[in-house]
Amino acid sequence: MHSENSQNQFKIIKNLLVKHKRKMPPSVTDTIAFGATTTDHMLVCDFIAQKGGWQTPEITPFSSFTMRPDALVFHYGQTIFEGMKAFKGAKNKDQIFIFRPDMNAKRMHDSAIRLAMEPFPVENFIRCVKELVHVDRDWVLPLPGSLYIRPAMIPLDDGVSYRASKNYRFFIFLSPAKDYFQSGQVIRVYIERKLSRVAVGGCGEAKCGGNYAAALQPMAKAKGLGAEQILWLDAAEHKYVEEAGAMNVMFVYGNKIVTPQLSGSILHGVTRDSILKIAADLGYETEEAKMKIDDVILDIKSGKLTEVFACGTAAVVSPIGYFHDNDETIAIGNGAQGPVSMAIKKRLLDIQTGEVDDKYNWLLEV
């Protein structure tokens, strides 16, 4: 059953903490581990089939859920999530902007369909995110900080027979965020030539928990080699570049930016899409193509490939200084941040904070 409230019927119930019980938000100078701190409130909305579908969303104090050991959520991986951000206005600190929530809403809808879950209505998704950010707006840090927004959905049914749940819980919580990686740092990336994250025909395009669980064991190996992330190759031949950890990846050839084309196993990144549009407007040539890892390495060594960077909501733009390939360490350029990746990052952040005109209509003001 697909149920969607009309514009006139839609409402959100608020049960907010009284002022003196709310936590003190951190400042931008505080040390904040990514995702380790939550704001005062969360939003919860359940889909109950016997009650006609999606119920009224509620904003409540942040708290735990109680689930039975035989709850489906623990057993069959039917879980999806999104990651997005809100930013303080650069020109007016009282302004709060959410970046491209329509894309996250649509991607979560598509993820739900792929995992046989009840999709949360796109318009209601945007309104729920906007209202929760408004309630906890004091937690939005100024640059280099932001407010990370984590919408998620889980099944609610109990009993371990293998099936899709009939009932679901959509929820959102917020976390003040600074740089995902150490500020100003290039990252090292380990090329994984044997294990795979996802395969074409699987759930690579869906933002589901299982994709990330599959990466944890090779991630531990990468960190043991001094790398922060993994460069994933295609599952069929292990020849073609796909993603860098949980991020999309881009390669700079002078004035040209190339990124792996969407193949059915690569996530449709919001930051990826944004950068391709921004880069073209900044005068760079852009291309989406199948990229052989061996060709990439040859291009790095010849100097033809001048920069590589990963991109995603959490880290925005992360320059890659080195690849670790088996026992070889390969420096990209001089191993430092490159001018193209930094120009792209600056323009993206300038748009996200309202520093420059949002000609793309990407910002939703809270």
Side-chain angles (χ1 to χ4, degrees), residues 28 83-91 97-100 103 141-146 177-189 228-229 231 241 243-261 267-289 291 296 299-300 302-323 330-363:
V28 75
M84 47 202 301
K85 279 183 176 179
F87 298 87
K88 271 191 182 296
K91 297 179 179 178
F97 299 113
I98 302 172
F99 185 67
R100 305 194 74 178
M103 280 198 73
L141 299 179
L143 285 181
S146 59
K178 291 175 69 174
D179 285 344
Y180 189 82
F181 298 109
Q182 183 180 337
S183 180
Q185 178 188 11
V186 296
I187 62 172
R188 294 172 176 264
V189 173
E228 287 86 8
Q229 283 291 353
L231 190 72
V241 176
E243 295 187 1
M247 298 179 284
N248 296 114
V249 61
M250 300 200 173
F251 301 85
V252 181
Y253 289 82
N255 198 56
K256 184 177 182 179
I257 298 174
V258 186
T259 194
Q261 67 186 34
L267 191 70
H268 292 235
V270 176
T271 307
R272 175 189 185 276
D273 181 82
S274 304
I275 287 175
L276 288 174
K277 291 180 171 65
I278 289 169
D281 287 344
L282 288 176
Y284 298 104
E285 183 184 351
T286 63
E287 182 182 353
E288 300 175 66
M291 305 184 71
V296 167
D299 290 343
I300 293 171
S302 71
K304 184 179 177 182
L305 198 166
T306 51
E307 299 177 43
V308 183
F309 62 91
C311 58
T313 296
V316 189
V317 169
S318 296
I320 298 172
Y322 300 88
F323 281 140
I330 305 163
I332 301 164
N334 61 2
Q337 294 178 346
V340 176
S341 57
M342 290 299 94
I344 294 289
K345 181 175 183 178
K346 182 180 186 306
R347 177 54 64 92
L348 179 57
L349 287 172
D350 284 348
I351 293 171
Q352 290 174 329
T353 60
E355 179 68 39
V356 299
D357 227 16
D358 173 28
K359 68 175 186 178
Y360 310 99
N361 197 29
W362 284 344
L363 301 181

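Side chains are part of it too, since the values below use all heavy atoms of this structure and drop only hydrogens, waters and symmetry mates.
- In this structure, V258 and M291 approach most closely via the heavy-atom pair CG1-SD, 3.7 Å.
- Side chain of K88 to backbone of S146: no donor-acceptor contact under 3.5 angstrom is found.
- Looking only at distances, a side-chain donor or acceptor of N334 sits under 3.5 Å from a matching main-chain atom of A336.
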Quiz item: Could you go step by step and tell me if E307 and Q337 meet the side chain to side chain donor-acceptor pair (under 3.5 Å) rule?
Solution: CA-CA 8 Å; E307 299 177 43; Q337 294 178 346; over 6 Å; no
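- Of all the heavy atoms in R272 and P260, the pair that sits closest is NH2-O, 3.0 Å.
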Quiz prompt | Candidate pair M84 and I98, rule side-chain contact (heavy atoms from CB on, under 4.5 Å), full reasoning | solution = CA-CA 8 Å; M84 47 202 301; I98 302 172; 4.0 Å; yes
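- Rounding to the nearest 0.5 angstrom, the gap separating the CE atom in M342 from the CD1 atom in I344 is 10.0 Å.
- Residue L348 holds its CG atom at 12.5 Å from NZ of K277, rounded to the nearest 0.5 Å.
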Quiz item: Do D299 and F251 pass the side-chain contact (heavy atoms from CB on, under 4.5 Å) test, and can you show the C-alpha distance, the side-chain angles, and the key distance before you say yes or no?
Solution: CA-CA 10 Å; D299 290 343; F251 301 85; over 6 Å; no
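- Summarising the geometry of A244 relative to V249, their closest heavy-atom pair is CB-CB, 4.0 Å, with the distance given to 0.1 Å.
- For the side chain to side chain contact (heavy atoms under 4.5 Å, CB included) with R347, the qualifying choice from D281, I275, V356 is V356, the only one to do so.
- Scanning all heavy atoms of the two residues, the minimum distance from A314 to K85 falls at O-NZ, 3.0 Å.
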Quiz item: Please walk me through it: do L305 and V252 pass side-chain contact (heavy atoms from CB on, under 4.5 Å)?
Solution: CA-CA 6 Å; L305 198 166; V252 181; 5.6 Å; no
Quiz prompt | Criterion side-chain contact (heavy atoms from CB on, under 4.5 Å) on L349 and Q352, from CA distance to verdict | solution = CA-CA 5 Å; L349 287 172; Q352 290 174 329; 3.3 Å; yes
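- Under the 4.5 Å side-chain criterion, counting only non-hydrogen atoms from C-beta, E243 is in contact with N248.
- For V241 against V296, the heavy-atom pair with the smallest separation is CG2-CG2, 4.4 Å.
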Quiz item: Yes or no on side chain to side chain donor-acceptor pair (under 3.5 Å) for T259 and E288, after CA distance, side-chain angles and deciding distance?
Solution: CA-CA 5 Å; T259 194; E288 300 175 66; over 6 Å; no
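- In this structure, CD1 on I278 lies 5.5 Å from OH on Y360, to the nearest 0.5 angstrom.
- Heavy-atom minimum distance, V270 versus F99: CG1-CE2, 4.3 Å.
- Ion pair E287/K256 flagged as a salt bridge, since at least one NZ, NE, NH1 or NH2 atom sits closer than 4.0 Å to an Asp/Glu carboxylate oxygen.
- Remark: D350 CG to D358 CG distance equals 12.0 Å, nearest 0.5 Å.
- In this structure, I330 and Y322 have side chains that are not in contact, with every pair of non-hydrogen atoms separated by 4.5 Å or more.
- Between I300 and F323 there is a side-chain heavy-atom pair separated by less than 4.5 Å.
- Not one N or O on the side chain of E228 forms a donor-acceptor pair closer than 3.5 Å with the backbone of I187.
- Annotation: the span from N255 atom CG to I257 atom CD1 amounts to 8.0 Å, rounded to 0.5 Å.
- In this structure, M103 CE and W362 CH2 are separated by 9.0 Å, a value rounded to the nearest 0.5 Å.
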